[in-house]
K.L.:
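Got a structure for you, questions after.
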4 protein chains.
Amino acid sequence: MAATTRPTRPRLRERYDRRQDAVVRAAARVFAHRGYDQTTIQELAASIDLAAGGIYHYVGSKEQLLELICDQLMGPLLERARVLLAEAAEPDAQLRALVRLWVEHVTEHRDHMLVFQQERHVIERGARWRRIREDRKRFEQMLEGLIAPLHAAGRLGVADERLALAALLGMVNHTAQWYRPRGRLSPAEIADGYVDLLFGAPRAPVDP
Amino acid sequence: MAATTRPTRPRLRERYDRRQDAVVRAAARVFAHRGYDQTTIQELAASIDLAAGGIYHYVGSKEQLLELICDQLMGPLLERARVLLAEAAEPDAQLRALVRLWVEHVTEHRDHMLVFQQERHVIERGARWRRIREDRKRFEQMLEGLIAPLHAAGRLGVADERLALAALLGMVNHTAQWYRPRGRLSPAEIADGYVDLLFGAPRAPVDP
Amino acid sequence: MAATTRPTRPRLRERYDRRQDAVVRAAARVFAHRGYDQTTIQELAASIDLAAGGIYHYVGSKEQLLELICDQLMGPLLERARVLLAEAAEPDAQLRALVRLWVEHVTEHRDHMLVFQQERHVIERGARWRRIREDRKRFEQMLEGLIAPLHAAGRLGVADERLALAALLGMVNHTAQWYRPRGRLSPAEIADGYVDLLFGAPRAPVDP
Amino acid sequence: MAATTRPTRPRLRERYDRRQDAVVRAAARVFAHRGYDQTTIQELAASIDLAAGGIYHYVGSKEQLLELICDQLMGPLLERARVLLAEAAEPDAQLRALVRLWVEHVTEHRDHMLVFQQERHVIERGARWRRIREDRKRFEQMLEGLIAPLHAAGRLGVADERLALAALLGMVNHTAQWYRPRGRLSPAEIADGYVDLLFGAPRAPVDP
DNA sequence: TATGAATGAGCCTTCATTCAT
DNA sequence: CATGAATGAAGGCTCATTCAT
């Protein structure tokens with residue numbers, strides 16, 4: 001999958017994979033702060049204690065680095081989401097669970113997420129990014145699939161189904177921009193807050 | 001304010017301002033699609049039927065162009081928001097009005113907005129961008145000022161006041177990424193949807 | 001034809017073409033001496049009193065420079081050869097005329113020729129160089145077309161027709177490597193010498 | 001002579017020499033096809049089933065590899081030529097024999113020859129290559145020594161002695177570029193063809 | 001011996017910016 | 001005002017070479 005030659009012997013390959021992973025992770029961090037284009041391969045390399053050329057043992061190009069960051073972000077998210085949806089449960093419970101999962105993922109991959117958002121214009125164009133775009137699409141469809149029945153049941157806080165989805169996407173994605181690890185709210189609380197908003201719910205008990 | 005020599009005679013100055021405005025607007029469009037760093041001054045110039053050098057009659061540097069885009073975005077928004085807040089009205093009505101104003105502004109300045117978001121990492125750092133950062137802060141404080149009493153009155157759909165603000169920011173800002181001019185929903189409808197979500201309200205009729 | 005934007009206004013275009021021509025010619029000279037790969041664009045630029053970047057106004061890439069050198073070499077040669085062959089004349093006279101033309105061209109374009117030969121391995125491979133290869137082929141076919149009847153008439157100094165062609169090619173092409181402008185022999189004399197060898201002729205008068 | 005540590009024990013040394021020879025030979029092949037500069041040590045190593053580092057057990061540097069290729073080419077040629085010239089024989093017979101020897105050598109070392117020609121610009125400059133240049137010079141002088149008396153005797157097909165030498169060099173060297181092992185003509189036949197051309201001869205017997 | 005990771009110098013190329021016309 | 005040529009500073013990437021294992 002990588003454009004560079006991956007060792008064959010299991011011992012070496014393992015080490016190689018571990019390091020590649022570290023390179024990508026470091027890249028996510030630096031790109032998130034300095035911006036993809038404004039980050040030099042030299043800077044990036046320095047941040048991993050590697051000479052500039054060393055990066056290219058693990059990554060074929062700067063652009064591929066971006067690709068790998070997206071993969072590290074979307075791969076596990078989709079995987080975990082699929083597992084979750086495979087379980088039998090009510091749509092509202094599943095949506096809540098999925099949003100929790102998602103917010104947790106976003107907060108754990110803040111850097112990846114920020115890069116993903118900032119480089120939107122790159123990802124939206126060109127055949128090379130089709131896979132990434134499809135991954136995102138797939139995730140949105142999972143959300144849609146859960147929102148639809150809830151909408152049909154009149155459980156949503158807005159009349160328009162699609163607006164609900166867009167709002168949810170906006171809220172959760174934006175989380176990467178303000179969430180701080182040791183903040184007042186845990187990822188789960190944040191997620192629940194979003195879902196509550198979507199359901200227009202929590203005030204119900206307040207009424208009487 | 002511009003780094004280039006602005007004509008003194010009113011007739012010329014007017015024309016100059018008009019053209020500068022067009023340049024900035026064009027830049028917003030191209031930057032939104034290709035990305036700031038990935039857009040060449042040449043490309044930008046070509047899109048306005050100008051040679052590369054021509055840009056520099058109206059703009060001092062590429063970076064200043066980014067600054068002007070932010071100004072074109074935040075200036076009028078803050079201005080209109082201030083006017084609105086100066087009127088006497090209930091917080092909930094004002095919040096709804098402000099969100100409408102805001103969503104309208106975002107949809108009318110989609111390109112500006114997208115650039116603003118993508119270049120977050122630039123704007124977040126450096127003295128040069130302090131003014132821009134403050135503008136954004138100021139706007140958020142307006143929202144906060146309206147949300148606080150609503151929260152105190154138990155009118156919000158979430159327990160945490162700041163989460164409400166963050167959610168609102170996420171929803172509205174994200175709008176720039178999916179809104180299409182001739183879509184099903186008008187900016188006002190979208191704005192109302194967001195506010196409804198925030199209030200956890202619209203299901204009110206469900207009550208009895 | 002060039003990969004760079006050529007001016008539209010005739011005045012400028014003329015200057016542009018003249019300079020591009022000069023760039024290519026300079027490149028031929030430097031490449032011939034230092035070798036294509038071992039020549040830096042910087043060095044090349046310096047030899048024309050241009051900053052490194054300046055080259056790229058006239059040429060799209062280093063590789064294209066090689067292409068243009070080949071064109072400058074083969075284009076006029078083929079053109080002049082075609083004109084010559086269009087005239088009515090005996091094959092032996094035409095061959096002699098063609099070889100003269102050819103040797104003159106080679107000596108006038110020594111640098112181009114040396115580059116052409118040294119970069120043989122590049123030109124022999126890849127779609128990009130097809131046109132160049134065809135040009136060379138075309139010229140060889142012209143020679144073949146003249147040699148064939150002479151061979152049939154038993155006029156050649158060797159039994160094998162193709163060997164005659166190969167020998168001729170070897171002799172003439174090699175000329176670029178030893179010819180010096182103010183040497184003992186003029187290009188025409190050299191050419192005649194080659195043709196004499198090919199005809200196995202001049203000693204005829206010696207016989208009696 | 002090699003810059004790398006050559007084993008002392010005869011058994012090992014033999015194996016070492018054999019392998020070094022193979023490395024050089026492989027290099028000749030790859031360089032001939034891809035070009036010296038355009039061939040990576042990695043590519044070269046791969047073509048001998050060796051990792052990049054492995055090459056350096058047998059060769060001190062890439063440049064030395066080029067030197068060794070030249071040696072593998074010129075060494076045996078000069079040796080065999082000396083032996084031949086040491087025998088007593090008429091100049092014309094010796095020239096014919098020498099050209100045969102030479103053409104055979106060229107066809108057997110096509111790759112070496114092609115590299116030698118392509119890297120002309122390297123070999124022509126610098127103290128390091130003096131020895132190689134002298135080897136070539138020496139060989140040319142042998143040819144000259146045979147051509148001179150033939151010229152004096154009016155046996156050549158051209159008036160100019162040096163032109164004859166240049167033509168011969170051109171023909172034979174060029175052979176590497178078109179000769180194919182199982183072609184119509186054997187190296188000896190090719191050689192004889194060249195000599196015939198030089199003598200302007202073969203048709204003589206035809207006359208009567 | 002052999003391997004593959006790592007280095008670091010260097011090169012092609014891009015591009016914001018300047019300036020003579 | 002506008003143009004397009006020219007500059008020159010970087011930056012991504014390659015690759016010969018070294019070295020611990």
Side-chain angles (χ1 to χ4, degrees), chain A residues 4-9 11-13 15-16 19 37-45 49-63 65, chain B residues 4-5 7 12 15-16 19 37-45 49-65, chain C residues 4-9 11-13 15-16 19 37-45 49-63 65, chain D residues 4-5 7 12 15-16 19 37-45 49-65:
Chain A
T4 45
T5 33
R6 194 155 159 252
T8 350
R9 279 177 299 167
R11 200 50 158 244
L12 288 176
R13 186 194 306 206
R15 196 178 71 148
Y16 179 91
R19 297 227 192 175
D37 285 291
Q38 313 226 7
T39 302
T40 298
I41 287 284
Q42 305 260 1
E43 284 171 358
L44 173 57
D49 262 313
L50 217 62
I55 298 280
Y56 291 89
H57 275 287
Y58 302 103
V59 170
S61 70
K62 196 184 180 188
E63 209 179 11
L65 210 37
Chain B
T4 46
T5 36
L12 289 178
R15 196 178 74 148
Y16 179 90
R19 293 224 196 177
D37 285 292
Q38 312 224 5
T39 302
T40 301
I41 290 284
Q42 303 256 2
E43 283 172 356
L44 173 57
D49 267 313
L50 220 63
I55 297 279
Y56 289 87
H57 283 288
Y58 302 103
V59 171
S61 72
K62 197 185 179 187
E63 210 177 12
Q64 197 202 14
L65 209 37
Chain C
T4 45
T5 32
R6 194 155 159 251
T8 349
R9 278 175 299 167
R11 200 47 158 250
L12 288 177
R13 185 192 309 207
R15 198 178 69 149
Y16 179 91
R19 295 225 193 176
D37 285 291
Q38 314 225 5
T39 302
T40 298
I41 288 284
Q42 305 259 1
E43 284 171 358
L44 172 57
D49 263 312
L50 217 62
I55 299 279
Y56 291 87
H57 276 287
Y58 302 103
V59 170
S61 70
K62 197 182 178 188
E63 208 177 13
L65 210 37
Chain D
T4 46
T5 36
L12 288 177
R15 196 177 75 147
Y16 178 92
R19 294 224 197 176
D37 284 292
Q38 312 223 7
T39 301
T40 301
I41 290 284
Q42 304 256 2
E43 283 172 358
L44 173 57
D49 267 314
L50 221 63
I55 298 279
Y56 290 87
H57 283 289
Y58 303 103
V59 171
S61 72
K62 196 183 179 187
E63 210 176 13
Q64 197 203 14
L65 209 38

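Naming: A, B, ... by sequence-line order, numbering from 1 per chain. If you're wondering where the values come from, they're calculated on a predicted model, not measured in any experiment.
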K.L.:
Could you run through nucleotides 13-21 of chain E and give me one letter per nucleotide, 5' to 3': B if any protein heavy atom sits under 4.0 Å from the base, S if only the sugar-phosphate is that close, - if neither?
P.N.:
BBSSBB---
K.L.:
Which of these passes side-chain hydrogen bond (donor to acceptor under 3.5 Å, both in side chains) with C/Thr4: C/Tyr56, C/Tyr58, C/Tyr16?
P.N.:
C/Tyr16
K.L.:
Donor-acceptor pair under 3.5 Å: do we get one between C/His57's side chain and the base of F/dA6?
P.N.:
yes
K.L.:
Return the value, rounded to whole Å, for the distance between atom CG of B/Asp49 and atom C1' of F/dG4.
P.N.:
15 Å
K.L.:
Could you give the CD-to-P distance, from A/Glu43 to F/dA10, as a whole number of Å?
P.N.:
12 Å
K.L.:
According to side-chain contact (heavy atoms from CB on, under 4.5 Å), who are the partners of C/Glu63, at least two apart in sequence or on a separate chain?
P.N.:
C/Tyr36, C/Ser61, C/Arg128, C/Trp129
K.L.:
Grab the OH-P distance between D/Tyr58 and F/dA16 for me, whole Å please.
P.N.:
20 Å
K.L.:
I need the A/Arg19 CZ to A/Leu50 CG distance, nearest 0.5 Å.
P.N.:
8.0 Å
K.L.:
Taking CZ from C/Arg15 and C1' from F/dG4, how many angstroms apart are they, rounded to a whole number?
P.N.:
9 Å
K.L.:
Which atom names give the shortest non-hydrogen contact between B/Lys62 and B/Ile41, and what distance separates them?
P.N.:
CG-CD1, 3.9 Å
K.L.:
Does A/Tyr16 make a side-chain N or O approach to OP1 or OP2 of E/dG4 shorter than 4.0 Å?
P.N.:
no
K.L.:
side-chain contact (heavy atoms from CB on, under 4.5 Å) with C/Ala52: which residues, sequence neighbours excluded?
P.N.:
C/Gln42
K.L.:
Distance check needed: F/dG8 P versus C/Leu50 CG, whole Å only.
P.N.:
11 Å
K.L.:
Any chance you could encode DNA chain F as dot-bracket? Rule is Watson-Crick or G-U wobble with both distances under 3.5 Å; [ ] for pairs crossing earlier ones, | for another strand.
P.N.:
.||||||||||||||||||||
K.L.:
If you look at every heavy atom in D/Thr39 and D/Glu43, which pair is closest and at what distance?
P.N.:
CA-OE1, 3.6 Å
K.L.:
Students often get this wrong, so: under 4.0 angstrom with heavy atoms, is C/Arg11 touching a base, only sugar-phosphate, or nothing?
P.N.:
nothing
K.L.:
Using a cut-off of 4.0 Å on non-hydrogen atoms, how would the nucleic acid contact of B/Arg19 be classed: base, sugar-phosphate, or nothing?
P.N.:
sugar-phosphate
K.L.:
Nearest 0.5 Å, what's the CD-CG distance between D/Gln38 and C/Asp37?
P.N.:
4.5 Å
